[in-house]
Amino acid sequence: MLLTIIGCSGSFPGPDSPASCYLVEAGGFRLLLDLGNGALGALQRYAGLYDIDAICLSHLHADHCLDLCSYAVARYHHPAGPRPAIPVYGPAGTADRMIACYGSQGSAAMIESFDFATLAPGTIEIGPLRVTTGHMNHPVETFGFRIEAGGRTLAYSADTGESAALVDLARGADLMLCEASFLDGPDLPVGLHLTARQAAEHAARAGAGQLILTHLVPWNDQRRTLEEAAPHFSGPLSLAASGLVVNLA
Ligand SMILES: [Zn+2]
């Protein structure tokens, strides 16, 4: 299983990275986890525009889904005709929300380009990937992911506050990709995002082999993100970056 970080900027694109988007490849199958704003451009450095087999949207905040509108344009208005529809898994209401984002006059592009399927907590097979989802602790319905293939496991937190379900999803994972939107401070909102320390604590509780901190918000000092996480996770720890490739084989 190969993970390529397309976008890891939290809540909005940054100067060096689009918003959330991760390319997971196994057995020639390509799955996108999230397709946040700006990600469709950077994606084309690492995969052919029409070589994506399926997309999972963790939730419907703009920084995790909005480039599906751009992708509908690229698929539906191809000079050789609309490209075949690919599956898009997301929370309830994903199709209606994406059509609204596109504009109702563009509903054909969205409907013809994607086969929308509604996620629920549980395990499904997507191509060669075994995908287990669980509800995260975020103001809108949000799914975290555990993805298994070839005896390797990747866990992705999406956006979440502290969550026992996240620890379950990441249990024994080779790699945990965990959001660290906040630095420690007073009066942090609960049920929204994790601090770097909390991300590390979740990874340690799950017994994850490696931790990559992501959803990095441009206004944070990312040296502090790493410093605040380091005392709480003893395994390999690093910050996500657009273009980073991790081979879990
Ligand atoms: Zn969110």
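Keep in mind it's a predicted model, so treat the numbers as computed, not measured.
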Listed partners of [X] passing salt bridge (Lys or Arg N to Asp or Glu O under 4.0 Å), at least two apart:
X      : value
Arg223 : Asp221
Glu148 : Arg130, Arg146
Arg224 : Glu228

side-chain contact (heavy atoms from CB on, under 4.5 Å) against [X], all qualifying residues, sequence neighbours excluded:
X      : value
Ser234 : none
Ser17  : Cys8, Ser9, Ser242
Pro139 : Leu192
Ala74  : Leu49, Tyr50, Tyr71

What side-chain donor-acceptor pairs closer than 3.5 Å can you find for residues 24-31, not counting sequence neighbours?
from, atom 1, to, atom 2, distance (Å)
Glu25, OE1, Arg30, NE, 3.2

Atom pairs and distances, side-chain donor-acceptor, residues 78-95, under 3.5 Å, sequence neighbours left out:
from, atom 1, to, atom 2, distance (Å)
His78, ND1, Ala80, N, 2.9
Arg83, NE, Gly81, O, 3.3
Arg83, NH2, Gly81, O, 3.2
Thr94, OG1, Pro91, O, 2.6

Would you give me the side-chain donor-acceptor pairs under 3.5 Å for residues 170-184, sequence neighbours excluded?
from, atom 1, to, atom 2, distance (Å)
Arg171, NH2, Asp168, OD1, 2.7
Asp174, OD1, Arg152, NH1, 3.0
Asp174, OD2, Thr153, N, 2.8
Glu179, OE1, Ser181, N, 3.1
Glu179, OE1, Ser181, OG, 2.7
Glu179, OE1, Leu194, N, 3.1
Glu179, OE2, Thr160, N, 2.9
Glu179, OE2, His193, ND1, 2.7
Ser181, OG, His193, ND1, 3.2
Ser181, OG, His215, ND1, 2.8
Asp184, OD1, Arg197, NH2, 3.4
Asp184, OD2, Arg197, NE, 3.2

Could you list the donor-acceptor pairs under 3.5 angstrom formed by side chains in residues 109-126, with sequence neighbours left out?
from, atom 1, to, atom 2, distance (Å)
Ser113, OG, Ala109, O, 2.6
Thr123, OG1, Thr132, OG1, 2.8

Apart from Val245 itself, what residues make up its hydrophobic cluster, given side-chain heavy atom links below 4.5 Å? Leu2
